[in-house]
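Here the structure comes first, spelled out in structure tokens, and everything after it is commentary.
Note on naming: letters A, B, ... go to the chains in the order of the sequence lines (proteins, then strands), and numbering restarts at 1 for each one.
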Number of protein chains: 2
Amino acid sequence: MSCGEKLAEELRRKGFRVTPQRGVILETIAHMGDHLSVQEVYSEARERLPGLNIATIYRTLESLHRAGMVDLFYPGSGPTRFTLRDPSAAHGHLVCTECEHVVDIDTDLIGRLVEEVAAETSFFIDPHHLTLLGICDACFQAGRGKRKIS
Amino acid sequence: MSCGEKLAEELRRKGFRVTPQRGVILETIAHMGDHLSVQEVYSEARERLPGLNIATIYRTLESLHRAGMVDLFYPGSGPTRFTLRDPSAAHGHLVCTECEHVVDIDTDLIGRLVEEVAAETSFFIDPHHLTLLGICDACFQAGRGKRKIS
DNA sequence: ATATTAAATGCAAATCTTTGCAACTAAGAA
DNA sequence: TTCTTAGTTGCAAAGATTTGCATTTAATAT
């Protein structure tokens with residue numbers, strides 16, 4: 001069973017319908033890596049299924065998001081991006097506002113952050129949703145972070 | 001000196017120009033409270049300065065952001081929102097993806113999160129940029145969070 | 001005061017994202 | 001298989017955001 005078919009099955013299991021459009025979109029994002037924009041998926045998927053409408057991409061991504069299968073995140077600038085969720089490991093993103101570099105945060109650290117916030121605020125952070133903006137080490141060393149840290 | 005004038009001075013001090021448009025925008029957001037959308041500021045500010053263009057609002061907000069005077073954040077849905085930064089107290093936002101309620105995170109907790117992430121990843125989170133999505137206590141109690149926490 | 005210039009504005013066009021609605025169809029029931 | 005229906009699609013329009021460019025102007029120097 002291909003990666004796309006596995007995703008299709010998971011989507012169906014969560015109560016969503018699997019249409020040809022969604023099949024193509026799933027197959028596409030399963031092979032395109034992380035941090036995709038809607039436009040990127042659109043131009044790729046439309047080659048496999050001409051006539052595919054971009055509104056369908058947006059709506060499918062929202063469904064996948066509601067199904068807990070992809071996470072959206074907002075880099076400091078530019079369009080929204082998203083990634084396939086790895087169910088075995090929650091992960092978040094650290095986005096450097098200087099160089100736009102994206103680093104993943106691992107499960108353990110996320111778990112600790114979630115606990116810490118929950119203990120103090122009774123608020124349960126969604127561990128798959130975490131996007132933190134800041135300055136990466138390289139930019140900080142280069143002094144490019146000073147202005148922002150202030 | 002009015003709130004708006006203080007902000008204008010701060011902006012000038014950071015190397016940005018203070019135009020009549022910016023004066024009006026600053027005076028406006030100084031009196032409109034937190035979590036504003038661009039459209040909200042636009043309709044308010046345009047009453048004080050007819051002819052003001054919405055692109056100017058976007059660009060001014062970006063400048064204020066670069067100057068470290070406002071923070072942008074993305075609630076789960078709907079347009080981007082922003083708040084005047086309180087220089088004395090870094091604060092972040094917890095946005096409930098069920099009821100859209102926004103809770104502020106206080107300085108101390110933020111400080112600890114920043115340290116924790118920095119220790120492990122050499123990445124310095126901007127403490128003024130923190131927006132975390134999740135489930136608030138009320139929605140969690142009501143069982144509305146189950147689907148998302150999965 | 002006047003001149004200088006980099007930054008900011010307004011406008012229009014481009015791009016990105018969301019939404020209403022009629023037509024279509026996947027998935028389950030009969 | 002056929003029926004049923006709620007979920008999904010395409011399309012077009014609306015809404016949100018960004019960008020290029022000619023013009024204007026705030027801040028600084030003269």
Distance, nearest 0.5 Å, that separates [atom1] of [X] from [atom2] of [Y]:
X	Y	atom1	atom2	value
B:Glu5	B:Glu9	CD	CD	9.0 Å
A:Ile29	A:Leu84	CD1	CG	4.5 Å
B:Ile25	B:Ile57	CD1	CD1	4.0 Å

When the distance from [atom1] of [X] to [atom2] of [N] is rounded to whole Å, what number comes out?
X	N	atom1	atom2	answer
B:Glu62	C:dT9	CD	C1'	15 Å
A:Ile54	C:dT18	CD1	C1'	12 Å
B:Ile25	C:dT9	CD1	P	7 Å
B:Leu52	C:dA8	CG	P	15 Å
B:Tyr58	C:dT15	OH	C1'	12 Å
B:Gln21	C:dA7	CD	C1'	12 Å
B:Arg46	C:dT9	CZ	P	16 Å

- Using a distance-only test with no angle check, is there a side-chain donor-acceptor pair under 3.5 angstrom linking B:Arg22 and B:Ser63? yes
- Message: Quick check against the 3.5 Å criterion: does B:Asp106 have a side-chain atom that pairs as donor or acceptor with the backbone of B:Leu109?
- Response: yes
- Item | Backbone N/O of B:Ala118 and side chain of B:Ser122: donor-acceptor pair under 3.5 Å | no
- Going through the distances and angles, do A:Glu116 and B:Arg112 end up as a salt bridge (Lys or Arg N to Asp or Glu O under 4.0 Å)? CA-CA 9 Å; A:Glu116 198 155 348; B:Arg112 270 180 282 135; 3.4 Å; yes
- Would you indicate, yes or no, if C:dT17 has its OP1 or OP2 atom less than 4.0 angstrom from a side-chain nitrogen or oxygen of A:Thr80? yes
- Just call it for A:Arg59: base, sugar-phosphate, or nothing, with non-hydrogen atoms closer than 4.0 Å on any strand. base
- Message: Check this for me: does any side-chain nitrogen of one of B:Lys14 and B:Glu10 sit under 4.0 Å from a carboxylate oxygen of the other?
- Response: yes
- Message: Taking side-chain contact (heavy atoms from CB on, under 4.5 Å) as the criterion, tell me which of A:Val70, A:Asp71, A:Leu7 meets it with A:Leu64.
- Response: A:Val70
- Note on the structure: Students should find that the nucleotides of DNA chain D closing off the region near chain B, any atom under 4.0 angstrom from a heavy atom, are D:dA16 to D:dA27
- Note on the structure: Whether each nucleotide of nucleotides 22-30 of chain C has a protein heavy atom under 4.0 Å at its base (B), only at its sugar-phosphate (S) or at neither (-) is summarised, 5' to 3', as ---BBS---
